[in-house]
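One-based numbering, in listed order, for ligands and for the atoms of each. Here, residue 1 is the first one in the sequence, and each next residue gets the next number. Just so it is clear, the structure is predicted and the values come from calculations on it, not from any experiment.
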Amino acid sequence: MLSSCSWTPPNALNENNIFSENDLTDSDHSSGDLFSITGFNSWPRDLCTLVTELTLAFKAELAAGNVLNNRQDPQSFNRLNARVHSLLQAYSQGNCGDWRRYAAWSEHGYLRHLLWTAEEFELMVLCWKGDQTSRVHNHADSHCWLAVLDGEVCETQYQPLAPDAQLRAVPHGSFLTRNSEGGAVVRLVPTSSTLMQAGDVGYINDRIALHSVGGCKYGKGARGSGGNGRAAAESGGDVDEPALSCTLHLYCPPIRRVRTFEAGKVCEYTPGFSSRNCLAEPEEWYMYEI
Ligand SMILES: N[C@@H](CS(=O)O)C(=O)O
Ligand SMILES: [Fe+2]
């Protein structure tokens, strides 16, 4: 709840919505160059500050007349991506563990816990037990940032190929399905597989690839009390138990319909949530208007 957060409205911004050198204190300068590159106000160690800074980043692009989706003007996107990436990285590497109160796992599949929803973006914690894996899916023309809060996940990206494409060998893990509209048959081929650890941040959209994400079968995960995986690992997880991993997902704009791709079929549905412990009532967060 907002009352439990030490949240204060951000300082006034200059006309470019970027904090100037004069806005920085000496201690800010000692934090390094990232401030001058990304222009954000504070390193977000808690969710309230993170949501505030993200809101400012998205509103700044909207105020400059840019759309927010995967067809965004490249210059606007590069500016936004640098800022959002830095904010998520700062939070996932140095957080105070406040996301843990929203985390819960299930035997039956990964769980989605909604933290924050607004017109510009949604933020959620996803909890993976063992090697639970999402089906290959799209992101509905939204931007999707993913930060690992604890444990490890593996992201596999897929690209469509014509089913009769001349391949020397059919790549392991590829399968025949339908295209996005459920029409022509395509072969989805895995093109990359990336192990992501606590503190890592990734980005994807539909123009880059489809993907699936999965946790690790066994290992050290989110059992410690620290803010990230290193702290949890040091506090000692049991390597024989399913790993408990947590990821933070940011979708801009929020995703209302998602498509999943399996052998021979495409499904479209409205993604749901296991819990909606939103951080605060929206009106409390919009005290500050750009
Ligand atoms: N995009 C998925 C999670 S992941 O596998 O990227 C979701 O929101 O459920
Ligand atoms: Fe995804």
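Residue Y251 approaches ligand 1 through these ligand atoms, each under 4.0 Å from one of its heavy atoms: 1 (N), 2 (C), 3 (C), 7 (C), 8 (O). Each of the atoms 3 (C), 7 (C), 9 (O) of ligand 1 lies under 4.0 Å from some heavy atom of L126. Which parts of ligand 1 touch H137 is read off a 4.0 Å heavy-atom cut-off, strictly below it: atoms 1 (N), 2 (C), 4 (S), 5 (O), 6 (O).
With hydrogens left out, the protein atom closest to atom 5 (O) of ligand 1 is S134 OG, 2.6 Å, a heavy atom. At the shortest separation from atom 9 (O) of ligand 1 among protein heavy atoms lies Y110 OH, 2.6 Å.
Aromatic ring pairs are classed by plane angle as parallel below 30°, tilted from 30° to 60° and perpendicular above 60°; the pair Y110 and W128 is parallel. H211 and H137 have perpendicular rings, their planes meeting at more than 60° on a 0 to 90° scale where under 30° would count as parallel.
Distances from the Fe ion (ligand 2) to each N, O or S atom of H137 single out NE2 as the nearest. Within H139, the N, O or S atom lying nearest to the Fe ion (ligand 2) carries the name NE2.
A donor atom on one side chain and an acceptor atom on the other are not found under 3.5 Å apart for S212 and R135. In this structure, a donor-acceptor pair under 3.5 Å is present between the side chains of S76 and E61. Under 3.5 Å, the side chains of H113 and S274 contain no donor-acceptor pair of N or O atoms. Between Y203 and H85, the side chains place no donor N or O within less than 3.5 Å of an acceptor N or O (distance only, hydrogens not considered).
A ring-centre distance under 6.0 Å is not found for H143 and F121.
The N/O atoms of W128, backbone and side chain alike, include none that comes under 3.5 Å of an N/O atom in ligand 1. The distance criterion of under 3.5 Å between nitrogen or oxygen atoms is met by H211 with respect to ligand 1.
Distances from the Fe ion (ligand 2) show that H249 has no N/O/S atom below 2.8 Å.
Put simply, the side chain of L114 reaches to within 4.5 Å of the side chain of C278, judged on heavy atoms.
Under the 4.0 angstrom criterion for non-hydrogen atoms, F273 is not in contact with ligand 1. Ligand 1 lies less than 4.0 angstrom from a heavy atom belonging to H139.
Counting heavy atoms under 4.0 Å from ligand 1, residue T247 does not touch it at all.
From W99, atom CH2 reaches atom CG of L123 across 13.0 Å, with rounding to the nearest 0.5 Å.
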